[in-house]
Amino acid sequence: QSKLSVSEIAKQDTSLEFFYQIPRLNDEIGKLTAAEIGTATHAFMEHASYPNAELDVLEEINRLIGIGLLSKKQGNSIDIGSVEAFFNSDFYKRIKNSDNVVRERQFLVMISDLKLDDELLLKYNGTEGMLQGIADCIFEEDDGFVLVDYKTDNVKSVSELTEHYTLQLKLYKAAFDLILDKPVKSSYIYSFKLKKGIEIIL
């Protein structure tokens, strides 16, 4: 059986200028790369107590450092203002109001089971190929689930994110529509740079 990640499938779509923040060496000793800062922010969003972070982001960062879930260098790299903006946002209020919030939800599905018409996936139909990925956050509302992908990319506009990540969210939605007991009713990117949740219309 072949197993592909969402990023691998997305990269095969040559119509996209698909980019991931790839770790690279940094000439400045001790300074984290943009990719490493993104990893640190994702680690915080995965492990943080959201009620604690809502009250005091810095204190929650220090708590995670203290219990070994973040390194001191990672904690110091997190943009506190951007994270505070998330916890002060209307988008976070929706997450807070949900009784079913799952972070870092993994999936592994048969590609041929996905309900997609994209030419990119046609060559995998009828095969035993598998698709794997991890969603940053999924939360349930009365009429379905909301899929959330956190992004720390240094962008200036919403269009930059939608151009680069629509395919990724489309694959995630198709996978979770198979797995979950309710449909994924909407998919969002939350941009820490732009400090807003952006609905991706699929």
Side-chain angles (χ1 to χ4, degrees), residues 6-7 20-21 23 26 28 30-107 132-156 158 161 165 168-169 172-173 175-176 179-182 184-200:
V6 168
S7 59
Y20 277 89
Q21 298 172 323
N26 195 306
E28 196 169 338
K31 184 177 180 181
L32 297 185
T33 65
E36 290 167 334
I37 293 170
T39 297
T41 304
H42 275 80
F44 176 82
M45 295 302 294
E46 176 184 359
H47 297 297
S49 161
Y50 282 8
N52 288 354
E54 187 179 354
L55 294 173
D56 192 323
V57 170
L58 180 57
E59 186 173 313
E60 182 61 7
I61 289 173
N62 288 332
R63 186 185 73 84
L64 295 182
I65 293 172
I67 61 177
L69 292 175
L70 287 177
S71 70
K72 190 175 178 74
K73 187 182 289 187
Q74 284 180 315
N76 290 339
S77 76
I78 294 171
D79 184 334
I80 293 174
S82 292
V83 178
E84 286 177 339
F86 169 81
F87 286 102
N88 288 323
S89 70
D90 289 336
F91 189 75
Y92 169 66
K93 289 176 184 175
R94 290 177 65 183
I95 298 175
K96 182 179 178 180
N97 288 334
S98 173
D99 293 327
N100 185 13
V101 179
V102 181
R103 298 185 236 173
E104 295 294 307
R105 172 66 189 270
Q106 300 185 39
F107 65 82
Q132 64 179 354
I134 305 174
D136 291 331
C137 180
I138 299 173
F139 64 94
E140 185 176 2
E141 295 183 326
D142 290 341
D143 53 346
F145 284 93
V146 179
L147 176 63
V148 187
D149 197 41
Y150 298 131
K151 297 298 182 189
T152 59
D153 302 50
N154 187 21
V155 294
K156 296 180 180 178
V158 168
L161 290 170
Y165 294 116
Q168 178 189 348
L169 269 293
Y172 277 37
K173 179 185 185 304
F176 284 109
I179 295 168
L180 300 173
D181 57 1
K182 286 184 181 180
V184 175
K185 66 170 189 172
S186 55
S187 303
Y188 282 82
I189 288 172
Y190 185 88
S191 169
F192 285 93
K193 177 66 176 180
L194 301 178
K195 299 179 180 177
K196 64 190 303 184
I198 302 150
E199 185 172 9
I200 305 299

J.: Can you list the residues that meet the ring pair (Phe, Tyr, Trp, His ring centres under 6.0 Å) rule with Phe87, with sequence neighbours excluded?
T.: Tyr50, Tyr92
J.: Might you point out which heavy atoms bring Asp56 and Leu58 nearest each other, and give the distance in Å?
T.: OD1-N, 3.2 Å
J.: Which is it for Arg63 and Ser49 under the side-chain contact (heavy atoms from CB on, under 4.5 Å) test, yes or no, and what are the steps along the way?
T.: CA-CA 10 Å; Arg63 186 185 73 84; Ser49 161; 4.0 Å; yes
J.: Determine, stepwise, if the pair Gln74 / Phe44 fulfils side-chain contact (heavy atoms from CB on, under 4.5 Å).
T.: CA-CA 9 Å; Gln74 284 180 315; Phe44 176 82; over 6 Å; no
J.: Check step by step if side-chain contact (heavy atoms from CB on, under 4.5 Å) holds for Asp153 and Ser191.
T.: CA-CA 8 Å; Asp153 302 50; Ser191 169; over 6 Å; no
J.: Would you check if Met45 and Tyr190 make a side-chain contact, meaning some heavy-atom pair closer than 4.5 Å?
T.: no
J.: Counting only heavy atoms not in Asp99 (residues, nucleotides, ligands), do more than 12 fall under 6.0 Å from its CG?
T.: no
J.: Is the shortest heavy-atom distance from the side chain of Ile78 to the side chain of Leu70 under 4.5 Å?
T.: yes
J.: On a heavy-atom basis, which atom in Glu46 and which in Arg103 lie closest, and how many Å separate them?
T.: O-NH1, 3.1 Å
J.: Assess whether a salt bridge exists between Lys96 and Glu54, defined as any Lys/Arg side-chain N lying under 4.0 Å from an Asp/Glu carboxylate O.
T.: yes
J.: What residues, two or more places apart in sequence or in another chain, satisfy side chain to side chain donor-acceptor pair (under 3.5 Å) together with Lys72?
T.: none
J.: Name all residues meeting the ring pair (Phe, Tyr, Trp, His ring centres under 6.0 Å) criterion together with Tyr150; count only those two or more places apart in sequence or in a different chain, and write none if there are none.
T.: Phe86, Phe192
J.: Please give me the minimum heavy-atom distance between Arg105 and Val102, naming the atom from each residue.
T.: CB-CG1, 3.8 Å
J.: Among all residues two or more places apart in sequence or in another chain, which pass the side-chain contact (heavy atoms from CB on, under 4.5 Å) test with Val158?
T.: Thr162, Leu194, Lys196, Ile198
J.: Can you sort out the partners of Asp79 under side chain to side chain donor-acceptor pair (under 3.5 Å), two or more places apart, ordered by chain and number?
T.: Ser82
J.: Do the side chains of Val148 and Asp136 get nearer than 4.5 Å, heavy atoms only?
T.: no
J.: If I take atom CD from residue Glu36 and atom OG from residue Ser71, how far apart are they, to the nearest 0.5 angstrom?
T.: 9.5 Å
J.: Can you tell me how far apart CD1 (Ile138) and CD1 (Ile95) are? Round to the nearest 0.5 Å.
T.: 11.5 Å
J.: Please give me the minimum heavy-atom distance between Gly75 and Ile61, naming the atom from each residue.
T.: CA-CG2, 3.6 Å
J.: Are Phe176 and Phe145 near enough that their ring centres are under 6.0 Å apart?
T.: no
J.: Check Ile200, Val184, Leu180 against Leu147 for a side-chain contact (heavy atoms from CB on, under 4.5 Å) and give me the one that passes.
T.: Val184
J.: Please determine whether side-chain contact (heavy atoms from CB on, under 4.5 Å) holds for the pair Ser89 and Lys195, giving the CA-CA distance in whole Å, both sets of side-chain angles, and the decisive distance to 0.1 Å.
T.: CA-CA 8 Å; Ser89 70; Lys195 299 179 180 177; over 6 Å; no
J.: Going from CG on Asp142 to NZ on Lys185, what distance comes out if it is rounded to the nearest 0.5 angstrom?
T.: 7.5 Å
J.: Among all residues two or more places apart in sequence or in another chain, which pass the side chain to side chain donor-acceptor pair (under 3.5 Å) test with Asp149?
T.: Lys151, Gln168
